[in-house]
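Accompanying notes for the structure given below.
For the numbers below, each heavy atom of this structure counts, side chains included, while hydrogens, waters and symmetry mates do not.
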Amino acid sequence: MANEKWIKQAAWIQLVMISGLMPLANVKAETPETLDLRAYLEATLQYHLEQHEYHVLDQAERLSLEDGQRYFWPKITARSSYDEVTSETFTVPTSRNVLSGITTGLDTSWTSWLGTDITLGLEHKYGRQLGKVSQGIPEDKLQVDNFSIEISQPLLKHNSPFYNRLPLLRAQKQWQLYHINGELGRLALLRSAMLDYLKVQESYDRLQIQKNRLKHIQSVGDSVSVLVEEGRSLPIDRDLAQLDVRRQEQSIASARQVVHQNQYALTLPWVSSDNIQVVPLTSLTVLIDWLLPVLDELPLANHHPEYRKQQLNLEGAQLEERARQRDHWPELSAYYRFEKDFRERLPDEENQSWGLRFSYDFFDLKTREDQARLGAEASIARRNAEDQLKRLNWEANRLRQSSEASLAELELDNQVVELSQRAVAYELARYSEGLASYDDVRNRQLDLLDRQLSAQDTSAKLARELIELAYNQQWDWLNRLP
């Protein structure tokens with residue numbers, strides 16, 4: 001069901017992108033396509049994850065993991081070559097030999113968990129040899145089949161299961177890091193999308209404040225006209241009231257333009273058309289009510305992708321440090337080799353050998369330097385992981401305390417707005433009775449507007465803090481929205 005949903009969403013995105021490329025004459029601007037918050041988040045995820053490096057690297061990361069998992073599989077190599085070799089011996093008489101021909105071979109090697117290397121080789125030579133008639137080799141075509149096997153076992157280092165599983169362990173760590181980056185990218189993408197959506201909601205709420213103010217100014221203007229006709233107010237007050245109405249209408253037009261610009265910016269990456277609009281909620285209060293439950297959740301810093309990424313970096317650094325612990329030890333290995341030639345016109349020939357190989361670099365400062373560097377990198381990675389965990393916990397506490405303070409501030413702002421509304425009504429009543437001037441009424445209206453915008457700023461600040469806290473708490477927005 002989830003796959004079908006994403007397929008439908010992808011088809012919708014493609015349709016939207018195609019519609020953005022159509023001529024403007026074919027777009028019905030009067031009936032724009034609308035997206036609610038959920039559809040906007042789904043479309044954002046669909047578009048960005050397809051373009052994101054996380055998605056682009058999916059195939060490469062899968063191949064890297066598969067390569068690590070197949071480290072203990074036999075490696076098979078086919079080869080072929082043509083060679084012509086001329087050699088001369090400056091004796092009396094001079095001896096000149098010419099060897100030419102084609103060589104084809106098949107080699108396979110396998111490494112065990114203990115570092116045992118087993119190499120098998122099959123080779124076929126076909127060519128001509130001239131100049132060795134005196135040794136009984138005819139001047140004719142020569143065919144030789146060769147079989148070889150070599151077994152080598154390290155004895156001091158590189159002979160532990162841990163060391164020989166390093167390619168697999170590295171591939172697994174890389175695969176885990178790839179998935180963690182994907183989770184982190186999704187969280188960050190949804191946070192950015194919600195913050196961008198908040199800009200639309202904030203501008204929409206400002207527009208509603210301006211619209212409500214226009215209704216009030218018009219109502220005051222009607223009252224002023226009545227008072228002027230009754231001779232209880234000056235005509236200049238009516239003219240000022242009419243001018244205030246026109247100015248407020250201009251403010252509404254500007255606020256509406258800001259809303260449209262913010263809506264267009266949300267979908268700009270997908271489609272170059274303003275015929276797709278993201279619909280805001282009825283008010284910012286609705287969004288805040290959806291977000292408030294995040295304050296009651298327990299901190300989850302230990303499971304956050306940012307911390308898990310640092311923890312994985314620490315495990316990788318410790319892995320490399322442990323892998324290089326024996327690098328300064330001497331090289332000691334035992335080997336056995338068997339080789340046999342099956343020749344067409346000459347007797348077969350076989351060779352066997354075995355022995356020990358030993359080597360030690362007395363002045364290998366580079367290895368010591370690398371070991372010290374890896375140890376330092378592991379220590380740095382450990383501190384980074386600890387610092388990341390502390391930062392996430394500190395950030396969660398800061399955002400929770402700041403959100404609670406903003407909630408208290410918002411409650412006071414709402415009370416102040418209510419008082420300012422009563423003050424405007426009271427001042428208008430005094431104006432009707434001739435106890436106040438029209439300027440007093442306008443000042444009360446401007447004070448109310450300032451109070452409303454201040455409360456709206458506090459609401460937007462609270463919403464931003466809650467969105468950041470939701471990121472810290474790893475909210476799955478699509479499952480959290482009602």
Practice task
Would you confirm whether D237, through its side chain, and S233, through its main-chain N or O, come within 3.5 Å as a donor-acceptor pair?
Solution key: no

Fill in the blank from the handout: For V279 and Y197, the nearest pair of non-hydrogen atoms, with its separation, is O-OH, 3.1 Å

Handout entry: Flag, side chain of Q248 to backbone of Q210, donor-acceptor distance under 3.5 Å
Key = yes

Exercise for the section: Look at the side chain of R357 and the backbone N and O of L332, then say whether any donor-acceptor pair between them is shorter than 3.5 Å. Expected result: no

Handout entry: Partner set under salt bridge (Lys or Arg N to Asp or Glu O under 4.0 Å) for E297, not counting sequence neighbours
Key = R480

Practice task
Using atom types as modelled and distance alone, determine if a side-chain donor or acceptor of R451 lies under 3.5 Å from a backbone N or O of D413.
Solution key: no

Exercise for the section: Determine, for Y163 and R326, whether the Lys NZ or Arg CZ falls below 6.0 Å from the six-membered ring centre while staying within 45 degrees of the axis. Expected result: no

Practice task
Verify, without hydrogens or angle tests, whether T116 (side chain) and S112 (backbone) share a donor-acceptor contact under 3.5 angstrom.
Solution key: no

Practice task
Specify whether Y178 and W175 have parallel, tilted or perpendicular ring planes, treating 30° as the upper limit for parallel and 60° as the lower limit for perpendicular.
Solution key: tilted

Practice task
Nearest 0.5 Å please: distance from the CD atom of Q310 over to the CG atom of L312.
Solution key: 10.0 Å

Problem - N159 (side chain) donor-acceptor with G115 (main chain) under 3.5 angstrom - result: no

Exercise for the section: Measure centre to centre between the rings of Y471 and H304, then say whether the value is under 6.0 Å. Expected result: yes

Handout entry: CA sep, side-chain torsions, deciding dist, call: Q445, H216, side-chain hydrogen bond (donor to acceptor under 3.5 Å, both in side chains)
Key = CA-CA 9 Å; Q445 290 176 329; H216 189 269; 3.2 Å; yes

Problem - N/O donor-acceptor pair under 3.5 Å between Q371 side chain and R324 backbone - result: yes

Problem - Whether D117 side chain and Q153 backbone form a donor-acceptor pair below 3.5 Å - result: no

Practice task
Return yes if some donor-acceptor pair links the side-chain N/O of S219 with the main-chain N/O of K215 below 3.5 Å, else return no.
Solution key: no

